[in-house]
Amino acid sequence: MLNKRPLFNPLLLFHVISVACLGIFIFWHGFTMGIAYDETYSFNLVKAHYFRAMPGSANTHWLNSFFMLILQSIFGDSPGWMRLHSMLAFPFFAHGIYRLMQYSRNNLLVFAGYCLVVFNPYILDFFALARGYGLAMTFQTWMLVYLVKAYSSATFSFRTWLYVLIMAALSIASNLTYVYGAIAALMAFAACVFYFYPRTYVFKQRKILLTAALFLLLIMLSFADLLFMKYYSRTLEYGGSNLIASVFESVVHRSLYYTTDVFTPGIIGYCTFIAVIAASAYGVIHAIRYKIPSPLLGAALILITIIAGNYLFNILFNSPYLYVRTAVQWYVPAIAAVIFALGMIRVPLKTGRIITTIFCLTTGAVMIVHCIRNANIYTCVEWRRTEDMYRCYNDLKKINAPAFIMHERFDGIYLNYYKITAIDPITIPFTLYRESQLNAPDSNLNALFKKDQYIMAYEPSLLTTYLQQNNIRFEVLHQYSYSGFKLIKVLP
């Protein structure tokens, strides 16, 4: 059950202030940041009404593409307006986290769990982008809220399970990889039918069969599209090769934002994995032993499904593990699971109160400071290379470069967005070079370098090696720290 709300609830006030402040930041971020690479590809398909290509593209997030189509037709091609649906989802996401954490029955733990999620700058980035990740996390959170409510009831409630199903379907429509949540919900439903609900009651309900059938249909349709992308269009190749490093460490590294520390993310990633396994096992064992499903069970089942599913799909289909933005779906269930597990541990009253107070207040304060320190309206950590590309081009304008040469990889954003809109910032003539041209001396390429002089280098080491081997003198005007891009000037 949720906590009883007093007349004055400081947590609720903190929640409202947080949503207001972070909401303003997200809108400012969304309307200021340049368009990201993945956004441009979705925009291109939407702008051209090339709907046939969407089912075969892993870049397609169906609900996101639908909203982009609507918003683009109303407000035009500005990136900010095409991100409006993600921005508007944030208050619903934050309130879902607030509701979910209240199941812990401990206000200090509610505060810590809320801050760990809502003040994570990596999570906030997705609500300022025209991608499906923010929407998917929002619906996943509300699915978990309704899931706990559904299996905590002593009897079957078709309406509540229907809410769970709808939230699961919307999360999958936002991002297909969130099918793990639907599988976990079906597992929880089966546990209720065969273990928690009274047998004499449940098997008389036709709606139980209907609910199970709808869950199965949702899961099968999701897998059909995923398998289509893997074996037909072959676009489902983004991911990692190691379970813990790809699924857990990568998200931790991004959550630490622009850290250059290579050890801390690994340590926290492995500790997170251990904590998730321990909390999940505790939730399942507790439910079986006492035949009373706790709020921890729902989060535990999602986490077990993500871990086991990733491992099995890697073995059976040679599918890559979830990685960074696709792996972020474990984050909310993991925080909820740990918070719920801590709330279930019995410790001496005085000692437990002191430890809990110090831990929760410190955790919340650290996350708030971390969020403030890394707040940046001009870029996001997932597509920070894009911002370096804009910086490189602006530096070219500052030095009044008459023309420049750029790597073919830079051209994706230009072709997919700027070339087909009236918003074209590239007014300086440019020529593309291919990475394959650097494998052997190319007289045409050498002449091009000497003629246009300025080069935007995507793989600087390859280019500088080529220039040195061909006795072409150059100097590096700028190097961009995150991406490693270089702005190079060829000397006479």
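Considering only heavy atoms from C-beta on, Phe215 stays 4.5 Å or farther from Met187 through its side chain. Taking 4.5 Å as the limit, every side-chain heavy atom of Phe313 sits out of range of all side-chain heavy atoms of Tyr321. The shortest side-chain heavy-atom distance between Ser241 and Tyr323 does not fall under the 4.5 Å cut-off. Between Ile304 and Val284, some side-chain heavy-atom pair lies under the 4.5 Å cut-off. Between Leu109 and Cys360 the shortest side-chain heavy-atom distance falls below 4.5 Å.
If you run side chain to side chain contact (heavy atoms under 4.5 Å, CB included) between Glu382 and each of Val328, Val324, Leu129, only Val324 comes through. Partner of Trp81 under the ring-ring contact (aromatic ring centres under 6.0 Å, His included) criterion, chosen from Phe31, Phe67, Phe43: Phe31.
Within a 6.0 Å sphere centred on CH2 of Trp62, other residues, nucleotides and ligands contribute more than 12 heavy atoms.
Checking Gln329 against Tyr133 by side-chain atom types alone, no donor-acceptor pair falls below 3.5 Å. A side-chain donor-acceptor contact under 3.5 Å links Tyr180 and Asn310. Checking Arg373 against Tyr257 by side-chain atom types alone, no donor-acceptor pair falls below 3.5 Å. A side-chain donor from one of Asn175 and Thr177 sits under 3.5 Å from a side-chain acceptor of the other. Arg99 and Thr141 form no side-chain donor-acceptor contact under 3.5 Å, judged by distance and modelled atom types alone. No hydrogens or angles considered: a donor-acceptor pair under 3.5 Å links the side chains of Ser255 and Asn120.
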Exercise for the section: Under the salt bridge (Lys or Arg N to Asp or Glu O under 4.0 Å) rule, what do Asp77 and Lys47 come out as? Steps first, then yes or no, please. Expected result: CA-CA 9 Å; Asp77 299 332; Lys47 180 81 171 178; 3.1 Å; yes
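Here Ala58 pairs with Met229, Thr235, Leu236 under the side chain to side chain contact (heavy atoms under 4.5 Å, CB included) rule; sequence neighbours left out.
Ring planes of Phe90 and Phe93: tilted class, angle from 30 to 60°. Ring-plane geometry between Phe126 and Tyr122 is classed as perpendicular, the angle between the planes exceeding 60 degrees on a 0 to 90 degree scale with a lower cut at 30. Ring geometry for Tyr114 versus His15: interplanar angle over 60°, hence perpendicular rather than tilted (30 to 60°).
Of all heavy-atom pairs between Ala150 and Trp161, the closest is CB-CE2, 3.6 Å.
Of the possible polar contacts, one joining the Ser73 side chain to the Ile70 backbone as a donor-acceptor pair under 3.5 Å is found. Although no hydrogens or angles enter the test, the distance criterion places a donor-acceptor pair under 3.5 Å between the side chain of Thr60 and the main chain of Met54.
Geometrically, Lys291 engages Tyr195 in a cation-pi contact defined by less than 6.0 Å to the ring centre and at most 45° from the axis. Remark: Arg325 is positioned above the aromatic ring of Tyr238, its terminal NZ or CZ atom under 6.0 angstrom from the ring centre and at most 45 degrees off the axis.
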